[in-house]
Amino acid sequence: IFKQWFPQELSDQIEKHFQKLVTYFYPYLQITFHEYQGDGFERSKAYVAIERYLSTNSANRAKRLKANVVKDCQSVVLSMDDYEQVTDEFKGIKIWWTSSKTIPQQRAFFSNRDDDEKRFYKLTCHRKNRDIVTKVYLQHVLDEGKAIAVKTRQRKLYTNNKSESGGWGSKRTMWSHIVFEHPSTFDTLAMDPKKKKDILNDLTTFSKSKDYYKKVGKSWKRGYLLYGPPGTGKSSMIAAMANFLEYDIYDLELTSVKDNTDLRKLLIDTSSKSIIVIEDIDCSLDLTGQRKEKKDKKEEDKEIKDPIAKKMKEEKENKGSEVTLSGLLNFIDGLWSACGSERLIVFTTNYVEKLDPALIRRGRMDKHIEMSYCCFESFKVLAKNYLDVESHEMFATIGRLLEETNMTPADVAENLMPKSDEENGEICLNNLIKSLEDAKQEARLKAVEDAKIKAEEEAGEKNSEENGEKVEESEAKIDDEEGKKDDEDLNE
Ligand SMILES: Nc1ncnc2c1ncn2[C@@H]1O[C@H](COP(=O)(O)OP(=O)(O)OP(=O)(O)O)[C@@H](O)[C@H]1O
Ligand SMILES: [Mg+2]
């Protein structure tokens with residue numbers, strides 16, 4: 001009726017003034033957050049954060065909920081259904097959140113598609129609280145939402161794809177991942193309790209030190225070197241660290257990285273809140289022997305005359321990695337390593353003495369952790385985890401034997417694990433004592449054998465020295481005699 005009686009221009013004017021009048025008396029402020037901003041294909045980060053915030057803080061008060069199964073994640077996130085309203089309170093201020101959507105008018109009547117619907121959240125609050133809501137409350141919502149997202153996300157275990165001669169194609173990504181579900185935690189990890197506490201403190205301090213790192217002018221990362229014999233729990237420790245800090249893991253396979261440039265690209269493509277792991281760093285690449293290798297190569301090339309064989313050899317060599325020690329040093333502590341934040345870099349090795357000192361200096365590898373053979377304290381943790389036994393009369397014997405022999409936690413754990421339904425704690429502890437005694441006996445025999453070999457070697461050396469002296473003497477004798485003969489010849 002309104003449109004019929006008034007001409008278009010006039011009705012526009014009236015509507016404009018009416019709106020003005022309403023805003024003049026309307027005491028509320030409204031802010032909308034759209035799911036997609038502009039032409040973006042990516043969901044707005046603010047929208048996602050608000051969704052998470054509302055789903056945990058207010059969704060239980062809403063009457064109609066919507067379930068979203070988060071992508072490649074098995075958990076269900078409940079959020080407010082469309083056109084639902086919830087109330088939130090912040091420092092005594094009331095804030096209303098409404099979820100809503102706009103539907104394009106031209107949409108075909110029979111169309112079921114909802115991808116052109118535009119969802120948004122609308123915040124309503126009193127105008128007098130404008131400052132506190134826009135400056136403090138919104139920041140609080142976004143931070144909370146982000147923190148909830150981090151807590152509920154599925155953590156991932158990444159590994160690098162092999163880089164090909166042309167680099168990674170546009171479609172292929174540098175890292176592939178699976179969901180990270182390792183059950184190892186610091187509770188299940190058997191090691192000296194003091195050392196464990198020290199590591200836990202170190203990790204907690206690191207994760208809270210964002211501002212401190214900024215203040216001292218360091219990028220927010222920390223290097224750990226885990227070293228020790230095989231089976232002492234280095235890999236388990238990495239998993240425990242990731243579970244404790246709720247970080248992702250990037251397991252870097254150095255031999256599949258073509259060169260230093262690719263190594264740098266991989267680094268840039270890692271996210272924050274992650275652990276970058278290089279396992280068995282001493283075996284991954286012959287980082288120190290590169291120069292020597294090249295010299296040898298020249299000599300070998302001279303020897304290989306057959307052109308086909310030579311070409312095949314060259315091709316084989318080219319396939320290998322060209323990552324150098326300096327490339328790796330820069331990866332850990334160079335300018336590029338400052339991109340991203342909150343990252344741990346962990347190296348593991350069985351032979352720490354083989355590593356280049358530059359690689360493990362403080363600043364690159366800040367904390368060196370030795371994972372050693374099983375001690376009595378570690379055994380107690382394993383006994384509790386594997387057998388639910390906290391004390392037993394056999395513990396004293398085991399403690400003594402562990403001091404006398406070296407056995408890795410992996411071996412101890414294997415002995416403690418029941419192999420059938422009939423095996424109870426006592427049988428398993430007996431098994432452990434038996435294998436500890438065997439190991440002790442074996443070690444003793446080996447020591448005797450080693451001593452024997454050493455003695456033989458020393459005796460051999462002595463003999464050869466004596467022989468050498470004898471040879472020299474006889475050579476001198478021969479020389480003398482020959483000299484005399486020559487003199488006689490000359491005289492004749
Ligand atoms: N300290 C430990 N606490 C608990 N379990 C352990 C410990 N050390 C080893 N284990 C057990 O032994 C197995 C092997 O351990 P892990 O793979 O962590 O050893 P590692 O030090 O990484 O060995 P490697 O040097 O050969 O890689 C694990 O599955 C774990 O169950
Ligand atoms: Mg390992």
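Atoms within each ligand, like the ligands themselves, are counted from 1 in listed order. Keep in mind that the numbers below use all heavy atoms, side chains included, and drop hydrogens, waters and symmetry copies.
Among Arg343, Arg155, Glu342, Lys273, the single residue meeting the side-chain hydrogen bond (donor to acceptor under 3.5 Å, both in side chains) criterion with Tyr247 is Glu342.
Side chains of Tyr224 and Ile238 form no contact here, defined as non-hydrogen atoms less than 4.5 Å apart. Between Thr204 and Phe244, the closest side-chain pair of non-hydrogen atoms falls below 4.5 Å.
With a 6.0 Å radius and a threshold of 12 heavy atoms from other residues, nucleotides or ligands, Lys419 has its NZ atom above the threshold. Other residues, nucleotides and ligands contribute at most 12 non-hydrogen atoms within 6.0 Å of the CG atom of Leu335.
What you find for Asp282 and Lys354 is that their closest heavy atoms are OD2-NZ, 4.3 Å.
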Give a table of atom pairs where an N or O of ligand 1 lies under 3.5 Å from a protein N or O.
from, atom 1, to, atom 2, distance (Å)
ligand 1, 1 (N), Ala190, O, 2.7
ligand 1, 3 (N), Ala190, N, 2.7
ligand 1, 8 (N), Gly233, N, 3.1
ligand 1, 18 (O), Ser235, N, 3.4
ligand 1, 18 (O), Ser236, N, 3.0
ligand 1, 18 (O), Ser236, OG, 2.7
ligand 1, 19 (O), Gly233, N, 3.4
ligand 1, 21 (O), Thr232, N, 3.3
ligand 1, 21 (O), Gly233, N, 3.1
ligand 1, 21 (O), Lys234, N, 2.9
ligand 1, 21 (O), Lys234, NZ, 2.8
ligand 1, 22 (O), Ser235, N, 2.9
ligand 1, 22 (O), Ser235, OG, 2.8
ligand 1, 23 (O), Gly231, N, 2.9
ligand 1, 25 (O), Lys234, NZ, 2.8
ligand 1, 25 (O), Asn350, ND2, 3.1

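The Mg ion (ligand 2) has an N, O or S atom of Ser235 inside 2.8 Å of it.
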